[in-house]
There are 4 protein chains.
Amino acid sequence: MTDRPELRAKSTRPDPSGYYDFKQQLTIDNLFGRYNINEDSFIYKFSSPLDRISYQADSVKRLDQFMKTIDKHSKIIQAATKVFAKKGFFNARISDIAKEAKVADGTIYLYFNNKFDILISVFEEEIGALVDQVSKLLAEEKDPRKMLAIYATSHLSMMKKNKNLAEVIQIELRQSTKLIKEYRNNKFSEYIDIISTIIKLGQEQGIYRADIKPGIAKRAFFGALDEISRVWTLSLKNNYTVEETISQVLDIFLAGMLIPEQKSLNLLENPGLLRQSGKI
Amino acid sequence: MTDRPELRAKSTRPDPSGYYDFKQQLTIDNLFGRYNINEDSFIYKFSSPLDRISYQADSVKRLDQFMKTIDKHSKIIQAATKVFAKKGFFNARISDIAKEAKVADGTIYLYFNNKFDILISVFEEEIGALVDQVSKLLAEEKDPRKMLAIYATSHLSMMKKNKNLAEVIQIELRQSTKLIKEYRNNKFSEYIDIISTIIKLGQEQGIYRADIKPGIAKRAFFGALDEISRVWTLSLKNNYTVEETISQVLDIFLAGMLIPEQKSLNLLENPGLLRQSGKI
Amino acid sequence: MTDRPELRAKSTRPDPSGYYDFKQQLTIDNLFGRYNINEDSFIYKFSSPLDRISYQADSVKRLDQFMKTIDKHSKIIQAATKVFAKKGFFNARISDIAKEAKVADGTIYLYFNNKFDILISVFEEEIGALVDQVSKLLAEEKDPRKMLAIYATSHLSMMKKNKNLAEVIQIELRQSTKLIKEYRNNKFSEYIDIISTIIKLGQEQGIYRADIKPGIAKRAFFGALDEISRVWTLSLKNNYTVEETISQVLDIFLAGMLIPEQKSLNLLENPGLLRQSGKI
Amino acid sequence: MTDRPELRAKSTRPDPSGYYDFKQQLTIDNLFGRYNINEDSFIYKFSSPLDRISYQADSVKRLDQFMKTIDKHSKIIQAATKVFAKKGFFNARISDIAKEAKVADGTIYLYFNNKFDILISVFEEEIGALVDQVSKLLAEEKDPRKMLAIYATSHLSMMKKNKNLAEVIQIELRQSTKLIKEYRNNKFSEYIDIISTIIKLGQEQGIYRADIKPGIAKRAFFGALDEISRVWTLSLKNNYTVEETISQVLDIFLAGMLIPEQKSLNLLENPGLLRQSGKI
DNA sequence: GATGAATGAGACTTCATTCAT
DNA sequence: CATGAATGAAGTCTCATTCAT
């Protein structure tokens with residue numbers, strides 16, 4: 001049996017990527033009684049495919065194995081995303097995920113420590129993909145106003161396109177952050193911090209108002225987008241088109257954050273912007 | 001023997017208060033398999049203390065019993081709010097709630113149909129209280145700008161003060177609306193619609209921009225407040241004060257929605273406003 | 001609180017009527033775990049209305065009370081018969097019986113020790129009524145052939161008329177005799193023994209074959225009647241009329257048990273016999 | 001993953017073996033509230049070991065698994081028969097059955113849908129075995145008089161030998177037919193219909209009286225046998241031997257149903273007949 | 001005597017996890 | 001590595017019985 005990642009009591013801080021540092025006061029034991037997590041404080045290492053394979057795939061056989069491992073890990077993540085979205089974490093059954101991924105129940109435990117571990121992994125990977133995507137789009141843009149537009153458009157069109165992901169973020173973000181609470185270096189923080197980075201950039205360029213606190217504004221902006229997509233996951237008939245909605249939200253936030261003289265960017269007169277960034 | 005409330009298959013629409021009208025496509029059965037909700041469409045009547053007692057408390061004995069029933073129902077709701085907040089719906093045990101409410105496990109089932117029913121009731125009652133509170137505060141105010149300020153302040157101070165409630169809303173709003181999806185006549189819609197009502201009022205008075213769509217803006221505004229309070233329930237050290245945070249969010253939204261010449265209301269120069277509505 | 005009848009450990013044999021003598025080997029404890037009957041052997045005294053009231057109702061008030069007690073006891077028995085028939089003993093709820101009898105749940109425990117006690121009482125009273133009825137009918141008849149006809153007709157018409165009773169006997173006879181097993185002096189034995197008494201009488205008169213063993217024949221005869229009525233309680237469309245069925249069964253048994261030369265009694269040519277005893 | 005059997009709403013009639021067709025008016029919901037059988041009419045498919053395994057055991061491994069599945073299914077059936085006999089269906093605990101079968105509680109649910117499903121399966125399998133056995137014995141016999149003797153002897157000796165089976169039939173036949181009422185194509189009907197088939201055969205041969213209605217006579221005959229065996233399951237000391245009892249019952253029924261001149265078959269003078277068929 | 005709200009023991013069932021093959 | 005049958009702990013809910021009023 002390979003060295004499966006495991007729960008460990010507080011140890012020296014390992015390589016930050018892929019680790020959560022649970023705080024002592026989080027009473028995780030109350031929340032996850034059945035997972036027998038009794039330590040007051042511990043480091044949780046979630047599963048990544050790299051944990052299971054040597055980095056140097058120096059022989060064909062090893063490379064082959066590496067690909068297979070990546071593949072199966074990924075297949076399970078995909079399946080879990082789908083199942084969690086459909087049923088929610090607590091109503092999802094390991095066997096549902098196994099069936100969806102077309103593997104045996106037991107196989108899942110070769111790649112993940114437990115059900116909760118799958119959730120964390122799904123989360124990190126999916127949000128990671130969001131980060132990558134929006135980062136790439138933003139790399140080609142310099143105008144902080146357009147950057148905010150790109151962020152909003154990218155987020156909402158992704159949520160619109162990938163309902164499973166949207167639901168997982170909607171529900172599990174709350175469930176899991178309740179469990180995980182303040183964990184550092186995670187992908188989700190990274191994703192939200194893109195907003196504050198854009199705002200800071202705009203402030204430096206004298207475009208966004210200096211009295212706006214990026215740390216608060218990022219929450220307001222993400223919250224607005226999130227609530228919009230929450231309603232999308234629920235309702236079936238929309239009273240508004242996606243473009244209309246994005247435009248309204250952006251309009252409010254830009255009008256709210258721009259220095260008055262900078263408001264010349266009329267988004268509605270620039271529908272190309274939406275189309276451009278929406279092409280994801 | 002009083003009539004205990006129960007799940008009923010599709011019936012004629014009863015008095016709206018206390019009833020949800022579940023939509024056909026909601027796939028509740030997938031999510032709550034164990035609750036055996038198999039009807040495509042049905043009316044769910046959640047438990048209220050009045051269900052257990054004759055309305056005409058015409059004798060001292062009856063009045064006495066009436067008070068006791070109200071009292072125990074309320075005690076269980078309180079306990080459930082606390083337990084759900086601490087553990088989340090799925091990790092909460094009926095026995096936890098019973099212990100917290102200092103009643104026997106079985107007693108809970110005299111007042112509620114099942115665990116899910118408790119959740120719905122907690123939700124409706126708590127949100128109902130929010131609606132009542134903010135409605136009362138708003139009744140004394142005419143200025144749509146100040147009204148928005150009152151709403152935000154009222155919401156966030158309540159969330160700050162009552163962490164249990166905040167967590168229940170955070171987590172269970174997602175869980176339960178996922179279950180119930182878009183249900184009509186519920187308190188939560190009522191609560192959010194207060195925002196759009198304020199915006200419409202402001203638009204009529206020529207204060208808010210006419211091109212703002214209240215149906216979208218209400219989501220953005222509530223989402224922003226909600227994400228703020230989400231972070232509060234999680235983080236332990238706050239980088240910003242409550243007043244500062246409220247002020248920032250309001251500032252962005254007012255600047256974003258007001259017609260330029262109306263922006264004379266400087267909220268930061270009117271700290272009294274915050275204090276006034278925050279006194280809850 | 002009045003002297004409610006209670007379970008007692010083996011004591012001196014009381015007045016036989018109304019007492020079951022449980023045998024040691026009956027493992028009642030296994031069957032009635034929840035009734036906490038742990039004694040290997042005990043005397044069970046079931047509830048009768050006389051247990052609750054002084055025999056000498058010498059004052060008007062006492063007589064009044066006596067009547068009320070009889071009345072409520074009887075009302076509960078009636079209700080229980082109905083509910084047991086409809087749902088079976090184990091699926092019947094005390095609250096069902098209480099509702100049917102229009103008394104409070106707790107009231108039942110003023111008249112009966114426990115749920116099982118109600119079953120026994122129902123049984124004894126209903127079978128007792130059968131015994132009384134058939135005894136009265138038989139008292140007027142001397143011909144052992146006709147007596148058997150009267151018994152069969154009386155039994156089957158009663159079962160046909162009172163479906164509740166039929167079901168209780170069908171199902172609970174098995175459940176309860178399983179519990180009670182071989183108890184002495186009970187009404188049911190009395191009822192079946194009427195058959196063997198008739199047969200013996202016929203043998204003495206040289207009408208029934210002497211080689212028939214009444215102890216076996218009574219079982220065969222009762223079993224035949226019982227299976228017939230079992231099917232009646234189940235099936236909805238009958239292929240045969242009641243009279244036809246009775247006639248067939250009687251015909252087989254009389255032909256089977258009579259001494260050849262005695263078979264002149266043609267029951268089908270004497271339909272009056274059936275009508276006469278059927279008038280119950 | 002194999003398909004586990006499940007409750008299904010009204011569907012097209014499948015292969016009759018192993019299916020009950022529940023009638024609309026059977027009020028199963030009243031009796032089995034907890035099994036949530038709310039459909040007015042449905043097909044119940046009970047569990048058989050074949051449901052869990054591919055029919056083509058084409059590899060050694062599969063054959064192995066097939067045998068194990070058969071084995072465990074059978075072990076649970078055996079255990080359930082024993083426990084139901086000892087305690088009755090309602091007093092039997094799943095954990096009792098599991099302990100008796102030496103499996104974990106949960107394992108039972110890999111083979112059966114629920115407790116009721118176990119009962120049905122026990123029933124069908126045990127009665128099925130009776131049918132097979134008596135059919136085999138009857139295949140070698142042509143004389144309808146002897147055939148009836150074989151049936152009676154086979155039944156009663158089986159009941160005598162296998163007390164568990166006898167009790168399960170005694171009690172559960174009533175409980176379950178009350179639940180299922182008149183269901184078609186079930187093994188029990190098949191078993192009883194053997195009697196009417198024999199009678200019809202005898203009538204065709206001019207041995208049994210033509211005026212006997214096989215549909216009624218089969219009930220009377222089975223009822224007689226059943227009541228005999230009921231007493232056997234209860235009483236501890238027998239006043240009569242098995243052979244004597246069988247002989248008496250057969251004597252009455254043959255005398256009752258045979259055309260007078262055919263009564264030459266003296267069963268008592270042919271004790272070999274009993275011994276022969278009793279060799280089961 | 002009558003009531004019915006409260007109790008709490010205990011059953012059925014589910015499902016994450018393990019481990020022999 | 002993969003499988004999936006087996007495990008057994010634990011939760012929701014029921015309901016007979018009690019007891020304060």
Side-chain angles (χ1 to χ4, degrees), chain A residues 1-2 33-36 52 65 68-69 72 90-98 103-116 118, chain B residues 1-2 33-35 52-53 61 64-65 68-69 72 90-96 98 103-116, chain C residues 1-2 33-36 52 65 68-69 72 90-98 103-116 118, chain D residues 1-2 33-35 52-53 61 64-65 68-69 72 90-96 98 103-116:
Chain A
M1 195 167 292
T2 63
R34 69 181 316 162
Y35 293 118
N36 283 6
R52 310 194 68 245
Q65 189 53 56
K68 253 195 226 161
T69 293
K72 202 155 277 184
F90 285 100
N91 284 311
R93 306 292 151 232
I94 291 290
S95 59
D96 296 333
I97 298 171
V103 298
D105 293 21
T107 305
I108 289 181
Y109 287 86
L110 297 175
Y111 294 87
F112 300 90
N113 294 319
N114 52 43
K115 197 182 166 189
F116 180 51
I118 305 174
Chain B
M1 190 166 298
T2 62
R34 65 180 323 157
Y35 292 118
R52 306 196 70 240
I53 207 79
K61 193 178 161 195
D64 215 49
Q65 188 55 53
K68 253 194 229 159
T69 291
K72 202 153 281 181
F90 285 100
N91 283 312
R93 303 292 149 232
I94 291 292
S95 58
D96 297 334
V103 297
D105 291 23
T107 305
I108 289 181
Y109 289 87
L110 296 176
Y111 294 88
F112 301 90
N113 293 319
N114 51 45
K115 198 182 165 188
F116 180 50
Chain C
M1 196 165 292
T2 64
R34 67 182 319 162
Y35 294 117
N36 284 4
R52 310 193 67 243
Q65 189 53 56
K68 252 196 229 162
T69 292
K72 202 156 277 183
F90 286 100
N91 284 310
R93 307 291 151 231
I94 291 290
S95 59
D96 296 334
I97 298 172
V103 297
D105 292 22
T107 305
I108 289 181
Y109 287 86
L110 297 175
Y111 294 88
F112 300 90
N113 294 319
N114 53 43
K115 197 182 166 188
F116 180 50
I118 304 174
Chain D
M1 193 163 296
T2 61
R34 67 180 321 157
Y35 293 117
R52 307 196 71 242
I53 207 79
K61 192 179 162 192
D64 215 48
Q65 188 55 53
K68 254 195 227 162
T69 292
K72 203 153 279 184
F90 286 101
N91 284 311
R93 302 295 149 228
I94 291 291
S95 58
D96 297 334
V103 296
D105 291 22
T107 304
I108 289 180
Y109 289 86
L110 296 176
Y111 295 87
F112 301 89
N113 294 317
N114 51 45
K115 199 182 164 188
F116 179 51

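Letters A, B, ... are given to chains in the order of the sequence lines, protein chains preceding strands, and every chain is numbered from 1.
The nearest heavy atom of DNA chain E to Thr107(C) and to Ser95(D) marks one nucleotide each, and the one closer to the 5' end goes with Thr107(C). The 5' end of DNA chain F is approached more closely, in terms of each residue's nearest nucleotide, by Gly106(D) than by the other of Gly106(D) and Gly106(B). Both Ala104(B) and Ile108(C) lie near DNA chain E, and the one whose nearest nucleotide falls closer to the 5' end is Ile108(C).
Here the OG1 atom belonging to Thr107(A) is positioned 5.5 Å from the CG atom belonging to Leu110(A), to the nearest 0.5 angstrom. Atoms CD1 and CZ, from Ile108(C) and Phe112(C) in turn, are 8.0 Å apart once rounded to the nearest 0.5 Å. Considering CZ of Phe116(A) and CD1 of Ile118(A), their distance stands at 11.5 Å, rounded to 0.5 Å.
Rounded to an integer number of Å, the gap from Ile94(B) CD1 to dG10(E) C1' is 16 Å. Note: CG (Leu110(C)) to P (dC19(F)) measures 13 Å, nearest angstrom. In this structure, CG of Asn114(A) is placed 19 Å from P of dA9(F), rounded to the nearest angstrom. Atom NZ in Lys115(B) sits about 15 Å away from atom P in dT14(F), given to the nearest Å. As rounded to whole Å, 19 Å separates atom P of dT14(E) from atom CZ of Phe90(A). Spacing between atom CG of Asp96(A) and atom C1' of dC15(E) amounts to 10 Å, rounded to whole angstrom units. Across the protein-nucleic acid pair, Phe112(D) atom CZ and dC12(E) atom P stand 15 Å apart, rounded to whole Å. Between Asn91(B) atom CG and dA10(F) atom P the separation is 14 Å, expressed in whole Å.
dT13(E) is paired with dA10(F) under the criterion used here, namely a Watson-Crick or G-U wobble arrangement in which both key atom distances are under 3.5 Å. Of the nucleotides present, dA16(F) is the one that pairs with dT7(E) by Watson-Crick or G-U wobble criteria, both distances under 3.5 Å. Base pairing of dT21(E): its partner is dA2(F), meeting the Watson-Crick or G-U wobble criterion (both donor-acceptor distances under 3.5 Å).
Close to dA6(F), at under 4.0 Å from its OP1 or OP2, lies a side-chain N or O of Lys72(D). Contact between the side-chain N/O atoms of Tyr111(D) and the OP1/OP2 oxygens of dA5(F) is not found at any separation under 4.0 Å.
With dT17(F), dA16(E), dC15(F) as the candidates, the nucleotide lying closest to the side chain of Arg93(A) is dA16(E). Here dT3(F) is the nucleotide among dT7(F), dG8(E), dT3(F) with the atom lying nearest to any side-chain atom of Val103(A). For Asp105(B), taking side-chain heavy atoms from C-beta onward, the closest of the listed nucleotides dT17(F), dG4(F), dC13(F) is dC13(F). Considering only the side chain of Tyr109(D), dT13(E) comes nearest among dT13(E), dG8(F), dG4(F).
Using a 4.0 Å heavy-atom distance criterion, Ala92(C) is classed as a sugar-phosphate-only contact.
Nearest heavy-atom pair, Asn114(B) versus Tyr109(B), reported as atom, atom and distance to 0.1 Å: CA-CE2, 3.9 Å.
For the pair Asn91(A)/Phe90(B), a side-chain contact is recorded, criterion being any heavy-atom separation below 4.5 Å from C-beta on.
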